[in-house]
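This structure is a prediction, so every number in the text was calculated from the model and none was measured.
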Amino acid sequence: MLKAIADVLRSIGGAVATVVTLPFRAVARLFGGASSSAHGHH
């Protein structure tokens, strides 16, 4: 019972983490590209 709940929570946590980190990664890539092109140094 507890193992099943733990597995479900783990899978849900993984899906939530993926959904949450994707937009942040996209924004970081946008700001990273903009800042690197604007300042000229990486």
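For Pro23 against Val19, the heavy-atom pair with the smallest separation is CD-O, 2.9 Å.
Residues satisfying the salt bridge (charged side-chain N to carboxylate O under 4.0 Å, His left out) test with Arg10, not counting sequence neighbours, are Asp7. Qualifying side chain to side chain donor-acceptor pair (under 3.5 Å) partners for Arg29, counting only residues two or more places apart in sequence or in other chains: none.
Taking hydrophobic clusters as Ile, Leu, Val, Met, Phe, Trp and Tyr residues chained together by side-chain heavy-atom distances below 4.5 Å, Leu30 does not share a cluster with Leu22.
When hydrophobic side chains of Ile, Leu, Val, Met, Phe, Trp and Tyr are connected at separations under 4.5 Å, Phe31 ends up clustered with Val27.
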